[in-house]
2 protein chains.
Amino acid sequence: MSETPNLRDALIQAGMDLLAEGGTAALTLRQAAMRAGVSHAAPAHHFNGLPGLLTAIAARAFQTFADTLHTARDAAGQDPRARLLGTCQGYLTFAAHHAGLFHLMFVACEVDRSDPALAPAALRSYQILSEACRPFATHADDRLEVAVWSLVHGYASLGFGGPTPPNPMRHAPQFAEILDELLRG
Amino acid sequence: MSETPNLRDALIQAGMDLLAEGGTAALTLRQAAMRAGVSHAAPAHHFNGLPGLLTAIAARAFQTFADTLHTARDAAGQDPRARLLGTCQGYLTFAAHHAGLFHLMFVACEVDRSDPALAPAALRSYQILSEACRPFATHADDRLEVAVWSLVHGYASLGFGGPTPPNPMRHAPQFAEILDELLRG
DNA sequence: AGGTCAGCTTGACACTGTCAAGCCACCGCG
DNA sequence: CGCGGTGGCTTGACAGTGTCAAGCTGACCT
């Protein structure tokens with residue numbers, strides 16, 4: 001009665017809430033349906049099973065991810081290095097604050113990566129990073145983009161940017177110093 | 001009757017086989033027990049539930065991972081750059097050939113990362129990479145180690161090193177060129 | 001010889017995803 | 001206006017999962 005104009009969005013929102021609260025294990029079709037106030041089989045009419053819901057959540061996550069990168073880049077001013085660093089820090093901030101979504105977007109094997117709803121937002125995210133790299137490209141190929149992308153993604157995945165320090169590292173250097181290393185500080 | 005000196009190892013081996021054959025979803029306590037020829041509740045006497053089995057598999061995977069890095073480094077000769085590149089390519093080879101184990105080692109949230117059996121092998125892997133980086137370190141801190149580690153881990157996680165090319169990239173540059181970029185070619 | 005206990009089995013429970021069948025309001029058409 | 005049809009949801013069921021409690025068994029120790 002409150003507000004459920006369409007159930008699909010409500011289920012996606014419930015799934016994102018569950019993911020943020022209890023991690024991947026808590027994200028369940030039946031729990032999402034219960035949160036949305038419908039029966040356990042209702043989600044089947046809007047998604048292709050659990051992978052379908054996960055894919056829809058990942059698609060929405062890619063959109064907010066692209067927005068995060070965009071605003072972080074623009075907030076960093078006009079200097080090309082500051083813009084690239086800002087974009088990377090947006091990347092790290094998103095990974096640290098939305099670990100569940102980050103996991104879903106990049107590593108979860110249940111999401112259907114061939115879903116056409118996934119490509120646009122993912123491509124937009126990549127293009128924002130790619131544009132920030134362009135002023136520093138010294139080769140014809142895209143090796144710098146791949147290098148920066150791999151670097152920031154690995155840094156985030158290994159937990160250096162997160163609140164909890166990773167396993168064997170006593171003190172991870174700031175990402176800005178590492179990026180300088182790559183850009184021939 | 002064939003050979004099961006201790007069930008614990010048999011369960012770990014069965015779990016690794018299941019992981020290699022059917023991915024994370026196929027790795028199940030009951031399936032591993034069935035493969036080992038015991039009842040579905042037998043694993044509970046050797047592991048702390050499913051997370052315990054996953055942790056034990058991850059610990060063994062870290063050992064073979066460290067061995068892979070070690071032999072790849074030594075097979076690369078004496079030149080410091082060749083040794084570092086060889087170590088990284090061992091990293092990428094392992095990630096591509098043992099995607100399930102790689103996932104378990106670094107991202108699976110079910111493994112108990114505080115398990116004391118996990119730290120030694122993980123630390124050994126890190127030290128092999130760290131030693132290969134040492135000739136190139138130009139700062140007192142370990143920023144280069146973290147940079148190389150993040151770079152190769154991100155490169156592997158994003159699928160550049162794997163058999164299937166990743167999403168938006170038409171042609172990923174070879175990792176050697178990217179590593180040269182980081183080492184100020 | 002008798003007791004003890006680790007290791008394994010059996011059985012049960014709650015929970016998951018998924019499918020089949022049915023219900024019901026709404027919408028278009030005769 | 002009546003009426004068939006269909007999308008959206010419910011109910012019920014099934015196989016599969018992890019996990020716990022209880023019981024059996026054989027070896028080992030005293």
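Note on naming: letters A, B, ... go to the chains in the order of the sequence lines (proteins, then strands), and numbering restarts at 1 for each one. For the numbers below, each heavy atom of this structure counts, side chains included, while hydrogens, waters and symmetry mates do not.
Rounding to whole angstrom units, NE2 of residue A:His45 and P of C:dC23 are separated by 15 Å. Look at CG on A:Leu11: it is 12 Å from C1' on D:dG8, rounded to the nearest Å. The distance between atom CE of B:Met34 and atom P of D:dG18, rounded to the nearest whole Å, is 11 Å. B:Asn6 places its CG atom 14 Å from the C1' atom of C:dA6, with the value rounded to the nearest Å. Going from atom NE2 of A:His46 over to atom P of C:dT18 covers 16 Å, rounded to whole Å.
The six-membered or imidazole ring of B:Tyr91 lies near that of B:Phe65, with a centre-to-centre distance under 6.0 Å. Less than 6.0 angstrom separates the ring centroid of B:Phe102 from the ring centroid of B:His153.
Here A:His40 lies in heavy-atom contact (under 4.0 Å) with a base.
Comparing D:dT10, C:dT18, C:dG11 against the side chain of A:Leu50 picks out C:dT18 as the nearest.
Against DNA chain D, the stretch residues 20-33 of chain B makes heavy-atom approaches under 4.0 Å through B:Thr28, B:Leu29, B:Arg30, B:Gln31.
Side-chain contact between B:Glu181 and B:Leu179: absent, with no pair of heavy atoms (C-beta onward) separated by less than 4.5 Å.
When only modelled atom types and interatomic distance are considered, B:Asp9 and B:Gln13 share no side-chain donor-acceptor pair under 3.5 Å.
Counting heavy-atom neighbours within 6.0 Å of B:Asn48 CG, excluding the residue itself, gives a total of 12 or less. Other residues, nucleotides and ligands contribute more than 12 heavy atoms inside 6.0 Å of the CD atom of A:Gln127.
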